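Here's the structure, in structure tokens; my notes come after.
Since this is a predicted model, take the numbers as computed values, not measurements. Numbers here are sequence positions counted from 1.
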Amino acid sequence: MIKLNVWGGAGEHGRSAYLLSGSRFHLLLDCGVKKEGTGQYPLIDPEIVPQLDAVFLSHAHEDHSVAIPLLYKMGYQGEVWTTRETREQLGTYFRAWRSNMERAGHVIPYDKADEQRIRYRFLENEAERGHWFEIIPGVAAVWGRSGHLAGSVWFGLEMEGKRVLYSGDYTSESMLLQDDDVADGFRRADLNRHSRVWAVPVPIQSLQDMSNAPNVKTDVNSEQVSELVMDQAMGRALVDQSAYAQTLAARGSTGSETAPSSSAVIHSNILTEQMHMRESIEALVSMSNSSQVKLDLAIVDAAYGTDQDTQADKLHQLQSAISSAIARGGRVLLPMPAVGRGQEMILWAQQCFQNIPIIVEQKLVDGMTQLHRVPYWLRKGERTRGGLPADSIDHFLSGEGWAKTSTEEERLQLLEQHHASLWFVPDGMMQSSLARWYYERWASDEKNLILLTGHVAAGTFADELLKNPEEYGECEVRKLRYKVHQGWRDVEQMLGRISARHTVLVHTDLVETERLRQGLLDEGSSEEADIYALSPGDELSF
């Protein structure tokens, strides 16, 4: 039996931290913070921390990462498993968290030295995505891209006879970032594990075959499997038999009646190899044609709760709101995280509002440059109106069709020059002095619009503007999501692709989580499995 202890993240947005404890192992999935008030940290059990065998980090955002130094402060001696790109981003998030807390007069419960104590292990160095590999003796992991942020991943784990999925923050609807389907990832890993009759893993892309069932992919066509397996395995068999023949020759075998000829040995061994190959093929086809991946526990991103909109729906809403403000001669302020949805929305805006001035702050330009150097995390298919994501980024970085600003002098000059225009600035919560500077210049004109497109933490300036805009100014303040997480239909589709005995919905408040849970149950999304709406401090055994 394994226990899941929620140290944070379920029934709330922020401080994601999930402890898996068996009879032999303790594993922690993420360790982040909540931005409310003085900063809320996970409900960490200090007695468990020195016993942790491994920590897994899905991505760099504060609500998943920034409490990790606290683990080292409490005596954790192990490693943090993550991607190289996530590691590259963490310094920025650690610095921003420290700066925000110090500016507000709050004390961080760890030192900079604790940040420097973190020891990283990079997933890419251990195994390709879609391959099982050993974390420690007795614990195996598989990973795939989650589409949420460059470097962000989901994890599959095997420990003490149980299989677990942690989706991290997941979306399949990013215009720029590639996601790896969870069910495909598990199947590919299982195929690679069981296909030991050949040396080269069979690429799952060449085996996919769409079934007629809606939202369900059958990943392997039996004829394709047979052909690929036979070709690769026969090649290996012939190489092995050739080597055997050379060995006989080196030993001076004459092919006498007392020793079978090398050709006879080769023929016999090939027949044996073929028999084993057919047995393996039958097992692989049976496993791969299963419509669902069997799991014991799935911890699933459900940040948007019962919201059923697609990304296309959201983009239509965003375009409508921006167009209305532009039509009345207003400026639109779009506060964004320095890296993430901001880059996607900038490229989208370039295509939708080609004749409207677009001004981008330097930090968001830096985020675009960061994406440019990590093409592995980008979609290869045509997902933006401008073509391939990499091409759209190249075009943006050429400087055509937008203006960059990084100083107050430049900002004032551009404000004087442009009226109806779009302004992309860092800090989605509008806590920074730069965001406040912009607001002061937007507030007095009712034609202007401040458009918030992501999570707004309680107590932040963005939250205050949403709740009481009239107390601060005359301009319009709206919140319309750009999707970087899963809503109802996304969760439903994910659960349709896996079969988890226990599913824990995470990343949104408890009331909304319970609504989603009940809706999924009413629609029969999980007839034989349990779906949970948990809270920090809760425990689940499975």
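Under the rule for a ring pair (Phe, Tyr, Trp, His ring centres under 6.0 Å), W97 has no partner lying at least two apart in sequence or in another chain. Every residue two or more places apart in sequence or in another chain was checked for a ring pair (Phe, Tyr, Trp, His ring centres under 6.0 Å) with Y110, and none qualifies. Residues satisfying the side-chain contact (heavy atoms from CB on, under 4.5 Å) test with E514, not counting sequence neighbours, are R517, Q518, A533. Residues satisfying the ring pair (Phe, Tyr, Trp, His ring centres under 6.0 Å) criterion with H502, sequence neighbours excluded, are Y532. Residues passing the side chain to side chain donor-acceptor pair (under 3.5 Å) test with R121, sequence neighbours excluded: E79, E126.
Using a cut-off of 4.0 Å between Lys/Arg side-chain N and Asp/Glu carboxylate O, R489 and E492 are scored as salt-bridged. D490 has a carboxylate O that lies under 4.0 Å from a charged side-chain N of K483, or vice versa, which qualifies the two as a salt bridge. The pair E85-R145 does not count as a salt bridge, with every side-chain nitrogen at least 4.0 angstrom from each carboxylate oxygen. Here R15 does not pair with D30 in a salt bridge; the nearest charged N to carboxylate O distance is not below 4.0 Å. E115 has no carboxylate O lying under 4.0 Å from a charged side-chain N of R95, or vice versa, which leaves the two without a salt bridge.
To the nearest 0.5 Å, atom CG of residue D190 and atom CH2 of residue W132 are 6.5 Å apart.
Taking the six-membered ring for Trp and the full ring otherwise, the centers of H455 and H485 sit at least 6.0 Å from each other. In this structure, the ring of Y18 has its center less than 6.0 angstrom from the ring center of Y166.
Because its NZ or CZ atom is not both nearer than 6.0 Å to the ring centre of F186 and within 45° of the ring axis, R497 does not count as a cation-pi partner of that residue.
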### Task
Determine, stepwise, if the pair H61 / Y93 fulfils ring-ring contact (aromatic ring centres under 6.0 Å, His included).
CA-CA 7 Å; H61 283 153; Y93 286 99; 5.7 Å; yes
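Pairs engaging residues 44-68 under the salt bridge (charged side-chain N to carboxylate O under 4.0 Å, His left out) rule: K35-E62 [sequence neighbours left out].
Formation of a donor-acceptor pair under 3.5 Å by the Q308 side chain with backbone atoms of W488 is not found in this model.
Taking the six-membered ring where tryptophan is involved, the planes of H64 and H507 are tilted, since the angle between them lies from 30° to 60°.
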